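Data first, discussion second: the structure below is written as structure tokens.
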Amino acid sequence: MKINAIDTDFKKIEDYLYGINPKGYEIFGAIKDGDYYIFRLFAPKAESVYIRGDFTNRSDILMFKNKKYGYHFIKLKAKKGDYYKYLVKHNDNYTLKADPFAKSMDLRPEFATEIIEDDYNFSDQKWLKKRTKNYDRALNIYELHLGSWQFKEEFNNILNIADSLISYVKKMNYTHIELMPICEHPLDQSWGYQVTGYFSFTKRYGSPRDLKEFVDLCHNNEIGVIMDFVPVHFATDSYGLGFYDGESLYESDYKDLQYSQWGSLNFDYSKTHVRNFILSSIDYWISQFHFDGIRLDAISNMIYYDGKENRGENEYNISFLKQLNTYVDQNYKDVMMIAEDSSSYNTVCKNKKNYGLGFDYKWDLGWMNDTIRYFKMDSFYRSNFQNLINFSMFYFYNERYILPLSHDEVVHLKKSMIGKMSGSYEDKFKQLKLFFIYQMTHPGKKLNFMGNEFAMFDEWNERKSLSWNLFNYPTHDSYNRLVKDMNYIYKNNEAFYKKDYDQDGFLWNVVDDNINSVFSYIRSNGKDEYFICLNMTNTYKSSYEFKFDKEVKLKKVLSTLDEIYGGDRRYENQIITSKDTKVKVELWEYEAIIFKIEKEEENG
């Protein structure tokens with residue numbers, strides 16, 4: 001069964017171990033060679049490694065070791081669909097391990113690596129040709145968990161929900177979906193944030209080919225796909241990356257740096273092979289699956305030790321992030337790199353030349369926390385906390401921000417978005433509509449978690465389907481109608497996105513009314529202008545006066561209290577003309593109104 005003990009692919013291996021090689025998945029793992037496969041495993045401290053698989057009749061076959069480079073290898077006859085494991089010996093201890101470069105793994109609690117041969121042919125060339133990073137395009141992301149979006153059985157194959165999901169996302173006018181972590185992981189309740197297979201699409205939702213077909217279907221329906229990726233830490237399960245060769249291979253050699261705040265093991269990016277392992281993983285998902293963006297989780301825990309600024313910056317991690325973003329930008333110039341970063345590190349989106357990390361976008365968690373805090377409080381007290389609304393624009397142009405209302409905000413004990421709103425049942429819906437219009441008209445790209453769009457009262461549970469029955473209730477159905485219509489307005493009017501990161505695209509009109517808690521501002525793309533009014537209290541304003549620097553004519557586009565959205569406002573195509581550059585607008589309790597500022601030719 002053994003062919004020979006010679007392996008000559010040293011240049012690629014040297015680059016992976018000592019230089020830069022973002023294609024580690026072409027070297028390590030099971031590499032097809034005719035009717036045979038070359039199995040390579042980097043485990044320098046292991047005294048010996050055995051391979052056990054369907055093709056060895058479940059007996060253990062000793063692999064050869066290249067002592068210079070520290071990897072074990074063997075060439076064996078095997079076929080697609082065969083499974084195998086490694087048995088790693090260190091100091092007379094034997095541990096069964098999964099292949100770190102496994103492209104498919106058995107469904108938990110099993111972990112054997114499956115040999116795959118994927119010849120899927122994408123048909124998304126038209127999409128890829130016009131794809132960009134969306135700096136000056138609409139970017140409205142629908143974040144979802146594949147297992148619970150539409151719960152049919154314990155695990156849904158991704159293709160079983162593809163048609164209904166794509167149809168729904170298109171109907172709701174989202175531009176992209178973001179998949180919560182889909183790499184193989186042992187614990188369902190981790191939602192994929194403690195990984196064992198960095199090159200494996202989790203078996204819970206199908207095969208790698210199924211995932212490719214799903215992405216292809218999305219692209220052919222004009223929907224982008226973003227992948228949530230976990231670069232900070234990995235699962236401690238015995239068959240995973242932890243102490244892989246008997247010693248600290250992927251984690252730090254220093255015990256005080258090994259474990260994360262979640263009890264998982266931290267990657268040690270001072271090690272070249274670790275840097276290339278993660279670089280190869282991200283390259284694999286982008287190149288082989290055509291993902292349009294990678295969202296990197298918990299970046300503050302990479303920038304600072306344990307995410308704590310007082311512990312200082314982790315220079316190795318920061319260096320790696322710069323390397324990663326530079327590589328992606330140079331090789332996949334139209335793919336977005338997105339940081340979920342809760343720290344105050346202020347050059348996340350700058351390029352490397354400007355001493356930044358090089359991300360394309362950063363989640364604005366400050367905006368999220370401030371806004372939720374504002375809407376949680378009784379409106380009577382809001383006049384004392386206007387800074388929670390206006391502060392975001394003081395720092396907004398420092399980065400390219402995404403405004404996120406993600407899964408983290410609607411999980412156990414945090415309440416759903418509708419549950420966070422203050423006041424009565426009716427007031428909660430009015431305020432959620434107000435909140436949503438504020439999010440969609442504020443500069444920055446948008447992200448909402450599944451269920452937010454029809455005001456689910458239940459907190460998200462990964463073991464339960466979304467409460468789709470709520471569409472039978474008029475209050476939820478009308479809220480969903482507002483979300484769909486506002487998404488359409490956002491997506492089809494450049495004023496709401498083209499100059500997101502240009503100060504000419506936003507102008508405060510009312511920002512400091514500490515008596516009435518009214519805010520207003522103008523969004524512009526340099527050609528079209530929209531005027532947004534927000535009444536943040538439950539008090540009626542019969543004739544609130546707004547001032548402009550010129551005479552204007554305002555045409556109502558949308559009110560959150562329109563009858564179509566469950567309100568009792570029945571005015572259609574309302575037009576208000578200024579008098580001496582002043583406009584008086586009737587504002588009802590918790591009402592948001594969008595006006596278009598008409599031009600002279602439109603007036604005529």
Side-chain angles (χ1 to χ4, degrees), residues 140-151 156 161 165 168-169 172 174 176-182 187-194 226 228 230 262 295 297-298 338 340-342 363-377 388 401-423 425 427-440 442 444-471 473 475-480 482-484 486-487:
N140 189 10
I141 303 166
Y142 185 63
E143 184 195 27
L144 66 105
H145 177 258
L146 282 174
S148 56
W149 181 78
Q150 196 176 74
F151 196 91
N156 296 327
I161 63 170
L165 175 59
Y168 181 73
V169 169
M172 291 302 299
Y174 292 104
H176 290 67
I177 61 173
E178 180 173 307
L179 302 177
M180 287 177 66
I182 54 173
L187 184 65
D188 300 340
Q189 291 84 350
S190 77
W191 311 328
Y193 287 100
Q194 294 197 15
I226 298 167
D228 197 344
V230 187
W262 303 286
R295 178 264 196 189
D297 180 61
I338 303 167
E340 188 255 343
D341 172 30
S342 59
W363 277 21
D364 193 346
L365 297 173
W367 172 89
M368 178 273 296
N369 285 313
D370 286 349
T371 308
I372 288 176
R373 182 185 169 197
Y374 187 82
F375 277 86
K376 277 183 175 180
M377 70 176 68
L388 294 177
Y401 282 111
I402 291 176
L403 309 183
L405 296 174
S406 73
H407 68 276
D408 277 330
E409 312 319 317
V410 296
V411 293
H412 185 53
L413 297 180
K414 285 193 173 183
K415 296 184 178 181
S416 64
M417 287 306 301
I418 185 74
K420 296 180 195 293
M421 301 297 105
S422 66
Y425 177 86
D427 283 349
K428 285 179 181 294
F429 275 91
K430 287 182 179 179
Q431 292 190 84
L432 189 62
K433 293 172 185 176
L434 176 63
F435 190 142
F436 176 68
I437 297 302
Y438 171 55
Q439 179 195 24
M440 295 302 296
H442 189 289
K445 310 307 180 184
K446 327 297 178 186
L447 179 142
N448 270 279
F449 185 58
M450 62 182 196
N452 288 358
E453 77 278 10
F454 57 90
M456 270 186 59
F457 269 102
D458 290 342
E459 295 167 333
W460 172 56
N461 182 340
E462 78 281 350
R463 302 298 297 163
K464 292 173 60 179
S465 177
L466 297 184
S467 303
W468 295 106
N469 63 305
L470 291 177
F471 279 89
Y473 297 89
T475 48
H476 293 272
D477 186 60
S478 61
Y479 178 76
N480 182 255
L482 172 70
V483 172
K484 180 180 70 173
M486 185 63 234
N487 285 350

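Only a predicted model underlies this, so the values are computations on that prediction, with no experimental measurement involved.
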Between [X] (side chain) and [Y] (backbone), is there a donor-acceptor pair under 3.5 Å?
| X | Y | result |
| --- | --- | --- |
| Thr371 | Met368 | no |
| Asn452 | Leu405 | yes |
| Ser190 | Gly192 | yes |
| Lys415 | Glu459 | no |
| Ser416 | Met456 | yes |
| Asn487 | Tyr174 | no |

Apply the test side-chain contact (heavy atoms from CB on, under 4.5 Å) to residues Leu447 and Ser406: give CA-CA distance (whole Å), side-chain angles for both, the deciding distance (0.1 Å), then the verdict. CA-CA 7 Å; Leu447 179 142; Ser406 73; 3.9 Å; yes
Minimal non-hydrogen separation, [X] against [Y], with atom names:
| X | Y | result |
| --- | --- | --- |
| Lys464 | Ser148 | O-CB, 3.1 Å |
| Ala455 | Ile418 | O-CG2, 3.7 Å |
| Leu466 | Tyr142 | CD1-OH, 4.2 Å |
| Pro181 | Val230 | CG-CG2, 4.1 Å |
| His145 | Phe449 | N-CE1, 4.3 Å |
| Trp149 | Ser465 | O-OG, 3.7 Å |

For a 4.5 angstrom cut-off between non-hydrogen side-chain atoms, does [X] reach [Y]?
| X | Y | result |
| --- | --- | --- |
| Glu143 | Met180 | yes |
| Glu178 | Asp228 | yes |
| Phe375 | Leu434 | yes |

Side-chain H-bond candidate by donor/acceptor type, Glu453 with Tyr168, under 3.5 Å: yes
Distance alone, cut at 3.5 Å: any donor-acceptor contact between the side chains of Asn448 and Gln439? yes
Aromatic rings Phe457 and His476: how do their planes relate, parallel, tilted or perpendicular, breaks at 30° and 60°? perpendicular
If the condition is salt bridge (charged side-chain N to carboxylate O under 4.0 Å, His left out), which residues does Lys445 pass it with, not counting sequence neighbours? Asp500
Could you tell me whether Arg295 and Glu340 have a side-chain N and a carboxylate O separated by less than 4.0 Å? yes
What verdict does the side-chain contact (heavy atoms from CB on, under 4.5 Å) test give for Trp191 and Val411, after you've listed the backbone C-alpha separation in whole Å, the side-chain angles of each residue and the deciding distance to 0.1 Å? CA-CA 11 Å; Trp191 311 328; Val411 293; 3.5 Å; yes
Just how far is it from atom [atom1] of [X] to atom [atom2] of [Y], taken to the nearest 0.5 Å?
| X | Y | atom1 | atom2 | value |
| --- | --- | --- | --- | --- |
| Ile437 | His442 | CD1 | NE2 | 14.5 Å |
| Ile372 | Glu409 | CD1 | CD | 5.0 Å |
| Asp427 | Leu432 | CG | CG | 12.5 Å |
| Gln431 | Ser422 | CD | OG | 4.0 Å |
| Ile226 | Ile141 | CD1 | CD1 | 3.5 Å |
| Ile402 | Asp364 | CD1 | CG | 10.0 Å |

Stepwise side-chain contact (heavy atoms from CB on, under 4.5 Å) test for Arg373 and Asp370: CA-CA 5 Å; Arg373 182 185 169 197; Asp370 286 349; 5.5 Å; no
With ring-ring contact (aromatic ring centres under 6.0 Å, His included) as the test, would you mind laying out the steps for His407 and Tyr193 before giving the verdict? CA-CA 13 Å; His407 68 276; Tyr193 287 100; 5.7 Å; yes
Ring centroids only, cut at 6.0 angstrom: are His412 and Trp460 within range, meaning strictly under it? no
Which residue, Tyr473, Trp468, Tyr479, forms the ring-ring contact (aromatic ring centres under 6.0 Å, His included) with Phe454? Trp468
I'd like to know whether CZ of Phe471 has more than 12 heavy-atom contacts from other residues, nucleotides or ligands below 6.0 angstrom. yes
Apply side-chain contact (heavy atoms from CB on, under 4.5 Å) to the pair Lys420 and Lys428, showing each step before the final yes or no. CA-CA 8 Å; Lys420 296 180 195 293; Lys428 285 179 181 294; over 6 Å; no
